[in-house]
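This report refers to the structure that appears directly beneath it.
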Amino acid sequence: MNLADTEIVLGILNKSGYSPTQAIDEADVVLLNTCSVREHAEEKIHQRLSVIRKRTSDKPELVVGVLGCMAERLRSNLMDRHNVDIVVGPDEYRKLPDLVDGALAGSQGIGVRLSRTETYDDIIPFRSEGISAWLSVMRGCDKFCTFCIVPFTRGRERSRTLISVVAEVEQLLEQGFREFTLLGQNVNSYMDNGRDFADLLSAVAGVDSKLRVRFTTSHPQDLSDKLIDSIASHDNLCKYIHLPVQSGSTRVLEAMNRTYTREHYLQLVRKIRARIPGVALSTDIISGFPTETENEHKETLSLMEEVRYDGAYMFKYSPREGTPAYRLGDDVPEEVKARRLGEIISLQQKVSGEVNQSLVGDSLEVMVDGPSKKSELQLSGRTDTNKTVVFQAGPYKPGDMVSVKIERATSATLFGKVGCSLN
Ligand code: SAH
Ligand code: SF4
């Protein structure tokens, strides 16, 4: 989400005559786009801000700004603590050119009002070249999970128009993009004049059969049958759903205000698997939510064994001031949280390894991304189930589709040989 927001910010600034540089020593303005979801993310930004100010101490005129959720949450405190020039929350990026101009002329500026309507619908994001594009289709969140700061830092839910999303995809396709990820804190809440997220997905999928469409994130409470049917019925809607469960215990889920039970979630998983054969599922899990008992933690492990996710993002609970859970205290000791998280991670690694191992011998359709991380002699790409596949380099360019026969697998990567080009 922040990557997509950064592209929107660059789009706004670019229109006002600013251009990006990769070298901080060349920069007149440094803007950090930030996340407040966990304490650790915020700590990294505090450190980064100290380093930037130290490293550029010979350049006092350098403008430093903080954007995103930390700006929204900490506001002018950031100016006091780090001598930051501008602080701009997620809904005020249109003010950036003025605020940057003001800061270059020596005045501090702040914009942290949340909006009920801002979607940056008309802004053309400044994207780096490639085949994959992020498109933010709705902003904000009204779910108020008790642990989560997002509804406070990103405000109320609102959606872009379907027509503007489709038009952007058409343009990007012409520019060579092939894979589109539709983004929102809860895409299932998407609504544009009676057209819901399933309608949006079908419209984007209908632009061209060659493009691939992904989306994230779906809340398990309102993932509709219509959405499942849309995914099942379009070949170019990727068979991959990120479906954060957070906990396997109904009691903890209730304390988290997730509004579904363990049984509802498992039932949903069964329904998805029955209607979309071969679908890959991933999840988010929090260990050590306040009051979580050892048995409730075991329920999370047993749910993971039952679902057998392809992948998971796993976190220790991090208390966020101002959220309802903050008032419950943080009563699971750090070492217990860490041990539980360790158990969750090793179970997931084992399952991911087994799931990937079961694909050895299969021929999978892979969209080529580019050279692999480890060697120029190898290419890497992804399956529609979002698995990374590494194979020997050949006459293929990013965006090409190839069939790869899988020869071996780790918990993170599949390795194979190209059987044929599918272009
Ligand atoms: N809107 C998305 C999630 C956004 S935050 C959704 O509902 O799926 C991404 C993930 O961060 C969440 O799914 C949750 O697992 C984790 N998270 C959010 N708040 C957290 C907190 N206070 N401590 C630890 N993890 C948290
Ligand atoms: Fe946070 Fe819950 Fe909204 Fe996701 S759905 S952003 S976890 S409040």
Side-chain angles (χ1 to χ4, degrees), residues 1-5 34-44 68-70 72-73 90 114 134 136-159 181-190 197 214-223 227 240-249 252-260 265 268-269 281-292 297 300 303-304 309 311-332 334 336-338 340-341 344-345 348:
M1 181 66 78
N2 267 1
L3 239 148
D5 274 6
T34 62
C35 172
S36 286
V37 163
R38 285 168 292 277
E39 183 67 28
H40 181 62
E42 291 203 350
E43 276 161 14
K44 282 203 296 201
C69 289
M70 268 178 89
E72 194 61 45
R73 203 176 84 75
L114 288 174
W134 305 100
S136 170
V137 299
M138 54 90 58
R139 300 181 71 84
C141 182
D142 290 353
K143 290 277 184 223
F144 289 94
C145 302
T146 58
F147 52 79
C148 185
I149 196 75
V150 169
F152 303 95
T153 55
R154 286 188 167 265
R156 300 290 58 78
E157 285 173 354
R158 65 220 101 116
S159 303
T181 306
L182 310 187
L183 293 173
Q185 293 303 335
N186 175 23
V187 288
N188 302 332
S189 300
Y190 178 87
F197 188 63
R214 301 184 183 281
F215 61 93
T216 196
T217 297
S218 276
H219 192 289
Q221 185 214 346
D222 44 19
L223 190 138
L227 180 57
Y240 166 65
I241 304 181
H242 183 60
L243 197 62
V245 67
Q246 315 296 357
S247 165
S249 150
V252 174
L253 288 171
E254 197 179 342
M256 289 175 162
N257 190 32
R258 287 292 288 183
T259 65
Y260 53 86
Y265 185 93
L268 179 61
V269 167
L281 294 175
S282 63
T283 200
D284 291 349
I285 294 177
I286 297 178
S287 83
F289 182 80
T291 73
E292 181 190 72
H297 160 64
T300 297
L303 178 132
M304 292 170 69
Y309 293 105
Y313 301 91
M314 301 154 282
F315 317 101
K316 274 189 284 189
Y317 170 70
S318 170
R320 311 310 293 136
E321 205 176 342
T323 59
Y326 191 78
R327 295 194 289 274
L328 297 174
D330 185 18
D331 63 350
V332 179
E334 179 56 32
V336 175
K337 266 192 216 171
R340 287 181 188 168
L341 180 66
I344 290 169
I345 291 174
Q348 185 52 47

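Both ligands and their constituent atoms are indexed starting at 1 by order of listing.
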Considering non-hydrogen atoms of the protein only, which is the closest contact for [atom], and what is the distance?
atom: atom 10 (C) of ligand 1; answer: Asp284 OD2, 3.3 Å
atom: atom 4 (C) of ligand 1; answer: Gln185 OE1, 3.3 Å
atom: atom 24 (C) of ligand 1; answer: Lys316 O, 3.3 Å
atom: atom 7 (O) of ligand 1; answer: Arg258 NH1, 3.6 Å
atom: atom 6 (C) of ligand 1; answer: Thr217 CG2, 3.7 Å
atom: atom 16 (C) of ligand 1; answer: Arg38 NH1, 3.2 Å

Drop me the distance from Ile286's CD1 to Ile344's CD1, to the nearest 0.5 angstrom. 10.0 Å

Please indicate whether any nitrogen or oxygen in [X] is less than 3.5 Å from any nitrogen or oxygen in ligand 1.
X: Phe147; result: yes
X: Ser318; result: yes
X: Arg320; result: no

Please determine whether a side-chain nitrogen of the Lys or Arg among [X] and [Y] lies less than 4.0 Å from a carboxylate oxygen of the Asp or Glu.
X: Lys143; Y: Asp222; answer: yes
X: Asp5; Y: Arg139; answer: yes
X: Glu334; Y: Lys316; answer: yes
X: Glu43; Y: Arg38; answer: no

Please find the pair of heavy atoms, one from [X] and one from [Y], that lie closest to each other, and give the distance.
X: Pro290; Y: Ala325; result: CG-O, 4.2 Å
X: Asn188; Y: Ser218; result: OD1-OG, 3.3 Å
X: Pro151; Y: Phe144; result: CB-CE2, 3.5 Å
X: Tyr260; Y: Val245; result: OH-O, 2.8 Å
X: Cys141; Y: Glu157; result: CA-CG, 3.6 Å

If the plane angle is over 60° it's perpendicular, under 30° parallel, otherwise tilted; pick one for Phe289 and Phe147. perpendicular

Check this for me: [X], atom [atom1], are more than 12 non-hydrogen atoms of other residues, nucleotides or ligands nearer than 6.0 Å?
X: Glu321; atom1: CD; result: no
X: Glu254; atom1: CD; result: no
X: Tyr313; atom1: OH; result: no

Which ligand 1 atoms, with their elements, are less than 4.0 angstrom from a heavy-atom of Phe315?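 Atoms satisfying the 4.0 Å criterion: 10 (C), 11 (O), 15 (O), 16 (C), 25 (N).
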
What are the atoms of ligand 1, with element, lying closer than 4.0 Å to any heavy atom of Tyr317? 23 (N), 24 (C)

Where does [X] meet ligand 1, judged by heavy-atom distances below 4.0 Å: at the side chain, the backbone, both, or neither?
X: Gln246; answer: side chain
X: Val37; answer: both
X: His40; answer: neither

State if Ile286 counts as touching ligand 1 under the rule of any non-hydrogen atom under 4.0 Å. yes

Give the single entry among Pro220, Ser218, Ser36, Pro244 that approaches atom 8 (O) of ligand 1 most closely by any heavy atom.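 It is Pro244 that holds the nearest heavy atom.
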
Ligand 2: which residues have a non-hydrogen atom closer than 4.0 Å? Cys141, Lys143, Phe144, Cys145, Phe147, Cys148, Val150, Pro151, Gln185, His219, Arg258

